[in-house]
Every structure is written in C-alpha cells, then in structure tokens.
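First comes the structure, then the notes that go with it.
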Amino acid sequence: MAQLTRRKFLGGASAIAAGAAAGPWVLRAHAQGAPIKIGLVLPYSGVYAVLGESITQAMELVFARENWTVAGRKIEMIKEDDEMQPPVGIRKTEKLIESDKVDILTGPVHSGILMGMRDKVHNSKTILIVSNAGADAISRERCSKWIFRTSFSNWQPNQPMGGWVAKNLTKDVFIMAPNYQAGKDQLGAFKETFVPAGGKLVGEDYPKLGETDYAPYLTKIRQSGAKAVYAFFSGTDAVNFVKQYDQFGLKQSIKLTGAGFLTEPDVLPAQGRSALGVITGHFYTPLLENPTNVAFVRDFRAKFGGKMPDGFACQGYDTAETIVRALKAVGGNTQDKEKLVAAIEATAFESPRGPFRFDPKTHNVIQPFIYIREVKEVAGGLNNVPFDKVADVRDPGTGCTLPS
Ligand code: BEZ
C-alpha cells in the first residue's frame, strides 16, 4: 500500500478544512455527482397492486431509454409498498424523506394515502409528483407548490360523463363506488353534470374498498328501476364487480357505464367477455394513434411480455418524462428546489395521451381529452375503443392559490 506522506496528509487535511469552510458549495458539488433518488410510494400488494405495477413499469421504460442517467447523474428508484394502508403509506413517506433523503417522491395510488402524505411533503418542501391518487382537494384547498399531478383529479374523468350519460344513454341511473374519498369525489363529479342535464339518481351505494361479494348491491340495482349503472371501481374491485354484474344477468337489461378505471387493460384480461359493451370515460386508451403512443405501446409490450399499457402506465410514463425533462433543464441540480419546481411547472411534451402540460393554477395535468370508450373485441383482444370525446378538461381548482 502506498505510504501516506506528511505533505500529502497535510494537503488532504487542508482540502477537507477548506471544503468545510466552503460548506454548501462543496456539498452541492458532491450531491450533483451522487445518484438522483426517486422515492416511490405505491401499492405492490392489495386491491390496487396492478396499478402500482403499471406505473412502476412505465417509469422503468423511460429511465431505461435514458440509460438510467440524466444530466450526468444516475437515477435510482427506491420502491416502497404502501400496502394500501394510509398509516403504512405515511410511514414509508417519512422514511423516504428523512432516511433516504430522496430528491423527488412519486405515488401514491390511494386518495386517502395522498391526503395523509400532503403535510409531510409540504412542510419538508419535498417535491411530490402524484402518479395516480386523484383526491380533488390536492388541486383545490389543499394544493401545494411542492405537489404536481401527472394523473388526474378524481373530478376530471367523471364530470364530462354526467352530461354525456344523461344526453346519450338514459336519465335513470344507479351510481356506485367504494366507500372512501376517491369514490365520493368521482361520483360527486358525475352528479355535477348529470342532475342539471335532467338526470335522476334512482339509487346510490358505497360498498367497502376491497369488497368481494357484490350480490346484495346487485339485488338493489335490479329492484331500482335503473336503466344504467355508473360506477367507479379499480383493480380487483373492478374485476369482481364487472364479472358479478354479468353473472347476475344485469348486463343485458341495465347498461354498465363508469369512470375508465372500471375496464382498463390491467383488469380486462381477468374480466374477459363480461366487460364487452361497457362504456367508460378516460383520458387514455392504448388505441390512440398519435406517434408517441404508437411507440409507447410497442416498447411497453416488447419490454413487459406483451402486456398492454393502461392509463396507469401512461401516468408512469408522464411522471418519468417530467422528471427527465425537468432535471435536464436544471443541469441535474436537485439542491435548488425553487428552480426545480419552476422547471417542472414549465415542462410540456407529447405524451401517449396527447400534448402534456400542467395547469399553472393548480399543478394538476390538463387532460387534452376525456374519451368516451366502449369495450370491444379488437385484433383478437378486448380493448377500449374511443367513439366520442370532450376536449381540454381541467380541474376547476376552487380554493387553490399557488404558490402556497
Ligand atoms: C384514488 O384512490 O384516488 C384512485 C384509485 C384508483 C383509481 C383511481 C383513483
């Protein structure tokens, strides 16, 4: 081993002393060479596990395209399973912020977990790019300059559907969603346009999140005189509800409609032909023909064993794309958070869903379109075929004043 001479030792010691004196500059230079840590708080188990998986896979696709290096710094993803439990999600958020010292956080899927994370993120000035949870309040009275959302507010896919269903399907509708914040938000947004358009709510029910037996609810629907059901369910709830709706014999007589999550490609293979004919509103379908989406569907399927990307994958793509572009814009400097926030705010690009940009009023994504889609058999598989659309859907942002 080379001997450490007294001169070298003194030189080294004085460099350390100088570094300590220079303080922030040296620390910053060091931090800039260090990996950029992205913390993911997502469900990898439970009702929404398939959603967490799709978001993660699409993020990996984008970072792999960049060779896991942006502006000279390695990208490191730290994944935490929130187990769909708000206390677990909050604990994992604290761990990522305080122990791992992540540069950027993303997730969660569950609106209740997002509401629980909000103050931790805001008070610690941690940048959070929400990649699913739609809690409306995060784009309204609980908005934060540190929080962006690439997915949707719960209001966005549902508000256009209320008027559409009343005008094009029927005025007698039974509505249903799991009993937690996202369910209440989503059906509230549907009612906002359904009732003024002359629609009549013949029934309304909120089974628990993770319900496996919908028989008592389906009995009520049968007896309600409804001509259609409008539902929000996702993950394994969507699989169980759509299959049991068909097995109960309701599909032929009472049209099933809802928010797009009900029949996304993450659940379509398990739902099978029970999903045929279901009409939903969503910002994405893998059948969009724009060049970014064509390449995304091709690359995603090639990397993940033929799996069809869903809206959640599109959200993961847009989250990673936002991160890559904003980091390039600031030359990889994650220390100056104000600058990084400004770079994220200015990010705009062609997404698989169409032109992507954040609403400067709320930091929530503006949906280029909400597509009205019907599940049909296409090219040998089931898919959501768009046949109508509503343009430029942005959350009203009531009560949000940024920066706050
Ligand atoms: C939510 O909890 O916000 C949510 C979960 C699944 C799909 C859509 C929204």
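Not measured: the values here are computed from a predicted model. Every number for a ligand or one of its atoms is a count from 1 in the order of the listing.
- Within 4.0 Å of ligand 1, the residues that place a heavy atom are Y48, L51, V109, H110, S111, N132, A133, G134, F152, N154, Y180, A182, Q186, F232, S234, F261, listed by chain and number.
- Listed by first and then second residue, the ring pair (Phe, Tyr, Trp, His ring centres under 6.0 Å) pairs that reach into residues 175-200 are H110-Y180, F190-F194, F190-Y230, sequence neighbours excluded.
- Between the side chain of T285 and the backbone N or O of N384, at least one donor-acceptor pair lies under 3.5 Å.
- With sequence neighbours excluded, the residues satisfying side-chain contact (heavy atoms from CB on, under 4.5 Å) with S124 are I97, T126.
- For residues 59-92, the set of pairs meeting the ring pair (Phe, Tyr, Trp, His ring centres under 6.0 Å) definition, not counting sequence neighbours, comprises F63-W68.
- A donor-acceptor pair under 3.5 Å links the side-chain atoms of Q367 to the main chain of S151, judged by distance alone.
- Between the side chain of D103 and the main chain of K37, a donor-acceptor pair closer than 3.5 Å is present.
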